[in-house]
Amino acid sequence: MSPSGCVSMLFLAVLTLQSAETRRLGENNSSIPAVFVFGDSTVDSGNNNYIQTISRSNFPPYGKDLPDHIATGRFTNGKLVTDFLASYAGIKEMIPPYLDPTLTVDDLKTGVCFASAGTGFDPLTAQLNVVIPIEKQVKYFKEYKSRMEVEIGKERTRRLISNAFFLISAGTNDFMVNYYGPTQIRSKTYNISGYQDFILQLAQQLIQGIMELGARRIAFVGLPPIGCVPAVITLNSDNALTHRGCIQRLSAVARRYNTLLQIKLAALQKQTPAATIIYVDIFNNIDRMVRNPQQFGFENVNQGCCGSGMIEFSVLCNSYSPICSDDSKYLFWDAVHPTQAAYYSVFLGLRPLVDRFIKK
């Protein structure tokens, strides 16, 4: 289907509902002045457009369902969960990438994204994919803070950051690419329990790093069921053409990591009562979509909409790739990343948690 093709009724309903919610909360809530985002391709809004890497998506058919059909660098056909969240909070419709040189002071004041597709908490993951490490994302945030202090003053910057919403979403690449990927580099020096502990230690360092810079409202996203990612199924199934079920042993790794992460976050919360640190469960949201696709309006949950849907993502999903006739019926856009419809369903699942958080 071409970018100007028909939009499904489900997609229209999603946009209508989302707009109504945006208006409702935008009128009633002003406690969150900005949203700041750290992480990987699940939340990267286009930072990789400005670095030398092949981990990009700033070309068709990515972005085909955005208002202007522009490929912004988001690894999906439309908006991300973070865009829906910012819109729901009445802040802005889409969160821009920090590295965009055209951003104004007003753009910066309401929040930016520091995330980089292909990265992970493990610095080696970013090195393998030639993308922005988490540590450098924190340095960018420190740079952001200095810029804002010059523009609006130190006290206004302090209040802005302390009241802002911070979201962290990373870790999938550490396991999917680095530990269990084709090279399995980290598996040669860590057993899985040791590597999970290593990643959790680095995640804690990220939280402490942004808290030292003034962050006080932090949402930390757990891992999805990585064994259900189409590319992971393709690479690990005994017959990828006919056996497209989730690789349960890999999803079990994500589930255990999430349990340990919740323990870690609870300990950090106890140590820093002045801050609010919450765990965001994405595993069970996506798992429900896989197990009961019809409930969410999906017909295909084990292949992407782009290309064969079994292995293509980033540069392999391009303007020459065939795409499905109705992406709102697909859980995955490419062989790794969810569709806008899936991201919106995830957001709806998180909405009660978001309500409690932003109304504090």
Side-chain angles (χ1 to χ4, degrees), residues 38-44 47-48 51-56 75 114-139 168-210 220-238 240 246-265 267-268 279 282-283 286 311 313-316 334-337:
F38 299 80
D40 56 24
S41 59
T42 57
V43 289
D44 182 1
N47 283 306
N48 279 17
I51 63 174
Q52 294 297 316
T53 179
I54 63 169
S55 295
R56 294 191 183 195
F75 280 73
F114 301 98
S116 177
T119 201
F121 294 113
D122 186 344
L124 179 59
T125 304
Q127 184 179 337
L128 289 171
N129 292 320
V130 196
V131 294
I132 305 169
I134 291 289
E135 183 180 7
K136 190 168 185 179
Q137 293 182 30
V138 177
K139 289 181 180 178
I168 300 165
S169 178
T172 300
N173 293 317
D174 293 317
F175 294 95
M176 194 171 73
V177 177
N178 196 339
Y179 196 89
Y180 289 111
T183 59
Q184 299 186 358
I185 293 178
R186 285 303 194 191
S187 66
K188 297 170 184 175
T189 52
Y190 289 91
N191 61 28
I192 187 57
S193 295
Y195 192 62
Q196 288 172 327
D197 291 340
F198 174 60
I199 296 301
L200 289 166
Q201 180 182 359
L202 294 170
Q204 177 176 327
Q205 289 175 10
L206 167 59
I207 295 174
Q208 292 171 331
I210 63 174
F220 201 110
V221 182
L223 294 183
I226 57 178
C228 297
V229 173
V232 172
I233 295 173
T234 299
L235 294 173
N236 292 276
S237 175
D238 56 359
C246 298
I247 309 301
Q248 295 300 337
R249 62 182 177 83
L250 297 181
S251 291
V253 170
R255 189 186 292 276
R256 181 175 183 275
Y257 168 88
N258 289 341
T259 299
L260 297 173
L261 174 61
Q262 292 175 73
I263 295 170
K264 176 74 73 175
L265 295 180
L268 282 171
Y279 169 74
I282 195 173
F283 187 105
I286 293 180
I311 202 68
F313 64 97
S314 188
V315 295
L316 296 179
D334 59 22
V336 173
H337 307 97

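All of these numbers come straight from a predicted model, not from anything done at the bench.
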**Student:** If you take all heavy atoms of L261 and L200, which pair is closest and at what distance?
**Tutor:**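 Shortest heavy-atom contact: CA-CD2, 3.6 Å.
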**Student:** Crowded around E135 CD? As in, over 12 foreign heavy atoms under 6.0 Å?
**Tutor:** no
**Student:** Judged by atom type as modelled, is there a donor-acceptor pair below 3.5 Å linking the side chain of Q208 to the main-chain atoms of L268?
**Tutor:** no
**Student:** Report the C-alpha separation of T42 and V221 in whole Å, then their side-chain angles, then the decisive distance to 0.1 Å, and conclude whether the side chain to side chain contact (heavy atoms under 4.5 Å, CB included) test is met.
**Tutor:** CA-CA 10 Å; T42 57; V221 182; over 6 Å; no
**Student:** Verify whether one side chain among D174 and T125 offers a donor that lies under 3.5 Å from an acceptor in the other.
**Tutor:**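 Distance-only check passes for D174 and T125.
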**Student:** Please test L235 against Y180 for side chain to side chain contact (heavy atoms under 4.5 Å, CB included), starting from the C-alpha separation and ending with a verdict.
**Tutor:** CA-CA 10 Å; L235 294 173; Y180 289 111; over 6 Å; no
**Student:** Mind checking whether R256 and I192 have side chains closer than 4.5 Å, heavy atoms only?
**Tutor:** no
**Student:** S251 and C228: side chain to side chain contact (heavy atoms under 4.5 Å, CB included), yes or no, with the steps?
**Tutor:** CA-CA 7 Å; S251 291; C228 297; 4.2 Å; yes
**Student:** Could you go step by step and tell me if N178 and F121 meet the side chain to side chain contact (heavy atoms under 4.5 Å, CB included) rule?
**Tutor:** CA-CA 11 Å; N178 196 339; F121 294 113; over 6 Å; no
**Student:** To check you understand the geometry: which heavy-atom pair defines the closest contact between V232 and L250, and what is its length?
**Tutor:** CG1-CD1, 3.5 Å
**Student:** What's the shortest heavy-atom distance between V131 and S116, and which atoms?
**Tutor:**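 For V131 and S116, the tightest heavy-atom pair comes out as CB-OG, 3.3 Å.
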**Student:** Which word best sums up how the rings of F198 and Y190 line up, parallel for under 30°, tilted for 30 to 60°, or perpendicular for over 60°?
**Tutor:**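 Ring orientation of F198 relative to Y190: parallel.
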**Student:** Is there a side-chain contact between F38 and I210 (heavy atoms, below 4.5 Å)?
**Tutor:** yes
**Student:** Drop me the distance from Q127's CD to I185's CD1, to the nearest 0.5 angstrom.
**Tutor:**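 With rounding to 0.5 Å, CD (Q127) is 8.5 Å from CD1 (I185).
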**Student:** Between L265 and I207, is any pair of side-chain heavy atoms under 4.5 Å apart?
**Tutor:** yes
**Student:** Does any N or O in the side chain of Q137 come within less than 3.5 Å of the main-chain N or O of G39, such that one atom is a donor and the other an acceptor?
**Tutor:** yes
**Student:** Which value, rounded to the nearest 0.5 Å, describes the distance between I226 atom CD1 and I233 atom CD1?
**Tutor:** 12.0 Å
**Student:** Do you know which two heavy atoms are closest between P224 and T172, and how far apart they sit?
**Tutor:** CD-OG1, 3.3 Å
**Student:** Of all the heavy-atom pairs spanning A115 and V43, show the shortest one and how long it is.
**Tutor:** CB-CG2, 3.6 Å
**Student:** Taking the side chain from N48 and the backbone from R56, do they hold a donor-acceptor pair closer than 3.5 Å?
**Tutor:**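 No.
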**Student:** Using the side chain to side chain contact (heavy atoms under 4.5 Å, CB included) criterion, which residues pair with S187? Sequence neighbours excluded.
**Tutor:**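 Scan of S187 (side chain to side chain contact (heavy atoms under 4.5 Å, CB included), adjacent residues dropped) gives Y179, Q184.
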**Student:** Output the distance between atom CD (Q204) and atom CZ (F220), rounded to the nearest 0.5 Å.
**Tutor:**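 Here the rounded value is 10.0 Å.
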**Student:** Between T119 and D40, is any side-chain donor less than 3.5 angstrom from a side-chain acceptor?
**Tutor:**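 Their side chains do not contain a donor-acceptor pair, so the 3.5 Å distance test is not met.
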**Student:** Enumerate the residue pairs fulfilling side-chain hydrogen bond (donor to acceptor under 3.5 Å, both in side chains) with a member in residues 224-236, sequence neighbours excluded, ordered by first and then second residue.
**Tutor:**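 Checked against side-chain hydrogen bond (donor to acceptor under 3.5 Å, both in side chains) - neighbours excluded - the pairs reaching residues 224-236 are T234-R244, N236-R249.
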**Student:** Determine whether more than 12 heavy atoms belonging to other residues, nucleotides or ligands lie under 6.0 Å from atom CD1 of I54.
**Tutor:**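 Atom CD1 in I54 is not crowded, with 12 or fewer foreign heavy atoms closer than 6.0 Å.
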**Student:** Mind checking ring-ring contact (aromatic ring centres under 6.0 Å, His included) for F175 and listing every partner two or more places apart, or none if nothing turns up?
**Tutor:**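 ring-ring contact (aromatic ring centres under 6.0 Å, His included) list for F175, sorted by chain: Y195, Y257.
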**Student:** Taking all atoms of both residues into account, what is the closest heavy-atom pair of V253 and Q196, and its distance?
**Tutor:**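 The answer is O-NE2, 3.0 Å.
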**Student:** With a 3.5 Å distance limit and no angle check, can you tell me whether D44 reaches the backbone of A117 through a side-chain donor-acceptor pair?
**Tutor:** yes
**Student:** State, with a plain yes or no, whether a side-chain heavy atom of T53 is found less than 4.5 Å away from one of N129.
**Tutor:** no
**Student:** Considering only heavy atoms from C-beta outward, does the side chain of I51 approach that of N47 to under 4.5 Å?
**Tutor:**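 The answer is no; the side chains never approach within 4.5 Å.
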